[in-house]
Amino acid sequence: MNVNKLVLVDGNSVAYRAFFALPLLNTEKGIYTNAIYGFTTMILKVLEEEKPTHMLVAFDAGKTTFRHETYQEYKGKREKTPPELSEQLPYMRELLDAFRIKHYEVENYEADDIIGTLSKQASKENWEVKVYTGDKDLLQLVDENIHVAMMKKGITNMDTYDEKLVDEKYGITPIQIIDMKGLMGDSSDNIPGVPGVGEKTALKLLKAHKTVEGVYESLDEVSGKKLKEKLEANKEQALMSKELATIMCNAPVDVSFEDTKMGEHDQEKLVALFKELEFKSLLDKFDGDREAESEEMEDLSVTEVSELTSDMLVSPSALVVESLNENYHQADIVGFSIANNTGTYFISSEVALQSDVFAEWAKDKEHAKFMYDAKRSVVALGWEGITLDGVEFDVQIASYLIDPSSSAHDLADISERKKSTRVQHDESVYGKGKKRKVAEGDALYQHLGRKAKAIFELRDELDEELTANEQKELFYDLEMPLSVILGRMEKHGVSVDREELENMGAGLEKKLAEIEAEIHELAGTEFNINSPKQLGEVLFEKLNLPVVKKTKTGYSTSADVLEKLQDHHEVVEKILLYRQLGKLNSTYIEGLLKVIHKKTGKIHTIFNQSLTQTGRLSSTEPNLQNIPVRLEEGRKIRHAFVPERENAVIFAADYSQIELRVLAHICQDETLVKAFREDMDIHTKTAMDVFNVGEAEVTGNMRRTAKAVNFGIVYGISDYGLSQSLGITRKEAKSFIDRYFDSFPGVKEYMENIVDEARDKGYVTTMLNRRRYLPEITSRNFNQRSFAERTAMNTPIQGSAADVIKKAMVDIAERMKEKQLQSSLLLSVHDELIFEVVEDEIETMKILVPEVMENAIELNVPLKVDVSYGETWYDAK
DNA sequence: TTAACCACGC
DNA sequence: GACGTACGTGGTTAAG
């Protein structure tokens, strides 16, 4: 029984792997952290899984080693370490210090040699040794005590090699790895080996002759004239290569086992480092009590107000309306705070909600308010019968416009990176999950007081940044007014026909039960169809259907896979149907019934205005932007969305091809612009140009292909994505894309220019100056770079379309107010607006809505809007 | 509670 | 030549 367990980590190898596996993260201060993060998670995983008694991380030292004396060109072709990585290495050493894990390097030797030396020493003592690396060379160390964990791809995916696995994979003993390298060389280390000998040949030779020397002793026995010549001509080189590949197991390593003994973590240092590096998830793990957050903060002077007076309510003021419930349609407000030039105040809900002075101030738009997520407060107060107006600045929206990619638009995070008063995370004040509860007394006063004070201070700083970004119009004239409109839409809600939903649900459940029975019958076994795991086992093990695709955890059973299996077994079709109906029932019927508001009987969604990277809105609880429409079965759900008033209709107005029109405007491609000016069917037109045929010869299939290509242009998918959606090869997909670019050279030029621009500036913008930063555009990682490039091409298109529809919403609200119309805007679904329109306003709206939408922003191609209306959302088609 | 898988919309 | 491939929200299952 081994008591001692030594873990040896090839530090450089792990760092490299982490660097290339993870996107290029950086902190607010601009320190790159992706490799450090990957390195840290890897170390944590090792600690958890191995629980070593001793551990050491070995690094390479300096540029040259003793191997360079043998061969000057050793590692000669290797690209030099990217600076973004080398600057991260010192942090890794610091982290190891904080973990109290020994790290070590020796002049003139590589990490391999340190690991070799220590592992063999420990093995001799019969210790259990585990080596972590991504370098196959180290497999030569494997023996009965030494096992090597080899990173496959990513950083946590490993194979652990013992002697048996080395034999299975290569058919040789571990020590023969060096003979293999001697023969085949290693391009990454620039070890030449014997030219023309690869892994296959090397392994064949070693099977027969054991070692490089053995091969040369019996060269006559080697079959193949060419091969023999090559071996003969490169004998010296082969022997030298073997020498280079041999890990030194008696390097001058001045480390005793005692030095590698594991100690307790240096908690303080660890937390400080994680903070500096902004490793939030790791902080949560190690900094169990975030009490520290509050300890750092000095007490704020907050006045508890028992009666509000107008001298506290000056303009401008920062206002906080705290509601714990995430869904503010059922908010219970737990307190208020106000900060302004006269001081910082806490006001209890009882006092504020009863106060006429407060209500008057709140609705007075001449009294400017600075807020964070104002819409939340406006709606929550609305439910309490209090009108809030005069919101001049929303810190959340400003932060989002300045950099939408920041995952941290929390007030706590914003306050941390700006110069304002610090704010604690709600979680650390209130707790989370079941334990979440209102803080009491001073803790609550302090927390809310800090929020208000921070908002008051942040306004100026963020306003300046908006100015610097030329985003003041976007903020003040578009997003701020939009926020008010969205709040009104949410509070107003959408009426639903509960009975209709319940009837549909009953029908679906009956059908589902039938199909379930049929599936079990056809499969010959009872199982949970909703479980991908069980379904996979039934389809691919019991029924032996061919495996099309695998996921990380097992067989893929996604719709596109099942569609390919339809001809193999009749159960497949039933499963697809079961899935389709099951989705309708659980997500839409049950889901919608669950969120019908108790007081109004209507559905009140929440639009998130500061989330998407492109500037679109998103919708939650429920998501009303993905109500089924494509398939008739699902589309029926829309029968349940009805007007609230008896003499009203559901009225829908949607932009036709808004993204492609925006593209035409941005890139000015002559053909595309002309097509829209002549109001052609754009997919047919694309098919004509891509397939080089006349309008009459465009087949349904050609149009379908052209449509998919246009879709790809709009959403920035790759040739792979296009091949998937059309069920063709990637090559064919690429050829379609090439032909598209030949037909629309202006589009091609735009795509090239925008990528250059993104590389130059680090970001792309939309027509109204919305921004998206793309740091990965300079990544050496192909995937990350390609993704950034597609994003650079796509975001100005999608984001400008979002600009247009948002502007249209603001304009329409204004016109409807002017005309004192009774109709109301209900929803916004990316390129369409849904209204409830009273009957005697239908004719007005039929003219007004398209006119406003089409002229929201002037493009050099016309915008086109289709309107329709009916008794339910279903009928508005 | 969290991660993985799947599916709906634009 | 491989890489792993739009943006969202939400339901279910299964493992921690």
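Side-chain atoms are counted along with the backbone in the values below, which use heavy atoms only and exclude waters and symmetry mates.
The one candidate from Q613(A), R616(A), E659(A) that meets the side-chain hydrogen bond (donor to acceptor under 3.5 Å, both in side chains) condition with Q798(A) is R616(A).
At the heavy-atom level, T557(A) lies under 4.0 Å from the strands shown only through sugar-phosphate atoms. Nucleic acid contact for R785(A): none, since no nucleic acid atom lies under 4.0 Å from a heavy atom of the residue. The residue D831(A) sits close only to the backbone: its heavy atoms come under 4.0 Å of sugar-phosphate atoms, none of a base. Contact annotation for Y720(A): base contact, defined as any heavy-atom pair under 4.0 Å involving a base atom. When heavy atoms are screened at a 4.0 angstrom cut-off, E659(A) is found touching no nucleic acid atom at all. Looking at heavy-atom distances under 4.0 Å, S556(A) makes contact with sugar-phosphate atoms alone, never a base.
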Step-by-step side chain to side chain donor-acceptor pair (under 3.5 Å) determination, D803(A) to T766(A): CA-CA 8 Å; D803(A) 291 347; T766(A) 67; 2.6 Å; yes
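Taking the side chain as every heavy atom from C-beta outward, E509(A) and E590(A) approach each other to under 4.5 Å. The shortest distance between side-chain heavy atoms of K549(A) and K564(A) does not fall below 4.5 Å. Counting heavy atoms from C-beta outward, Q625(A) and T605(A) have side chains that stay 4.5 Å or more apart. Using a 4.5 Å cut-off on side-chain heavy atoms (C-beta onward), M504(A) and Y588(A) make no contact. Looking at heavy atoms from C-beta onward, R703(A) lies in side-chain contact with D681(A) at the 4.5 angstrom threshold. Taking the side chain as every heavy atom from C-beta outward, D560(A) and V548(A) never approach each other to under 4.5 Å. Annotation: side chain of V629(A) is not in contact with side chain of W873(A) (no heavy-atom distance under 4.5 Å). For the pair L324(A) and D426(A), the minimum side-chain heavy-atom distance is 4.5 Å or more.
H597(A) and H604(A) have perpendicular rings, their planes meeting at more than 60° on a 0 to 90° scale where under 30° would count as parallel.
Each of dC8(B), dT5(C), dC7(C) was ranked by its minimum atom distance to the side chain of Y588(A); first place goes to dC8(B). Comparing dA7(B), dG8(C), dC7(C) by their nearest atom to the side chain of L611(A) picks out dG8(C). Nearest nucleotide to the side chain of A559(A), out of dA7(B), dC6(B), dG8(C): dA7(B). In the set dC10(B), dT5(C), dC6(B), the nucleotide with an atom closest to the side chain of R790(A) is dT5(C).
Between K550(A) atom NZ and dG4(C) atom P the separation is 18 Å, expressed in whole Å. In this structure, the CD1 atom of I529(A) is 15 Å from the P atom of dC6(B), given to the nearest Å. Counting to the nearest Å, the P atom of dC8(B) and the CG atom of L581(A) are 10 Å from each other. What separates OH of Y715(A) from P of dA6(C) is a distance of 13 Å, to the nearest Å. In this structure, the CD atom of E326(A) is 10 Å from the P atom of dG10(C), given to the nearest Å. Put simply, CG on N710(A) is 17 Å from P on dC10(B), counting in whole angstrom units. Remark: C1' of dT5(C) and CZ of F711(A) are 13 Å apart, rounded to the nearest angstrom. Note: CG (L827(A)) to P (dG9(B)) measures 16 Å, nearest angstrom.
Considering only side-chain N and O atoms, T614(A) lies nowhere under 4.0 angstrom from the phosphate OP1 or OP2 of dA6(C).
Aromatic pair F736(A)/Y740(A): ring centres not closer than 6.0 Å.
Residues from residues 616-628 of chain A lying near DNA chain B, meaning a heavy-atom separation below 4.0 Å, are R616(A), Q625(A), N626(A), I627(A), P628(A) in numerical order. Of the residues in residues 630-642 of chain A, not one comes within less than 4.0 Å of DNA chain C through any heavy atom.
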Heavy-atom contacts, protein to nucleotides 11-16 of chain C, under 4.0 Å, summarised as B (base), S (sugar-phosphate only) or - (none) per nt, yield SSSSS-
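If you find the closest nucleotide of DNA chain C to S786(A) and to T791(A), the one lying nearer the 5' end belongs to S786(A).
Between the P atoms of dG4(C) and dC5(B), the separation comes to 15 Å (whole Å). Remark: the separation of the P atoms in dT5(C) and dC6(B) is 14 Å, to the nearest Å.
For the pair R376(A) and Y328(A), the cation does not sit on the ring face, since its NZ or CZ is not both under 6.0 Å from the ring centre and inside 45° of the axis.
Nucleotide dG11(C) forms a Watson-Crick or G-U wobble pair with dC5(B), both donor-acceptor distances falling under 3.5 Å.
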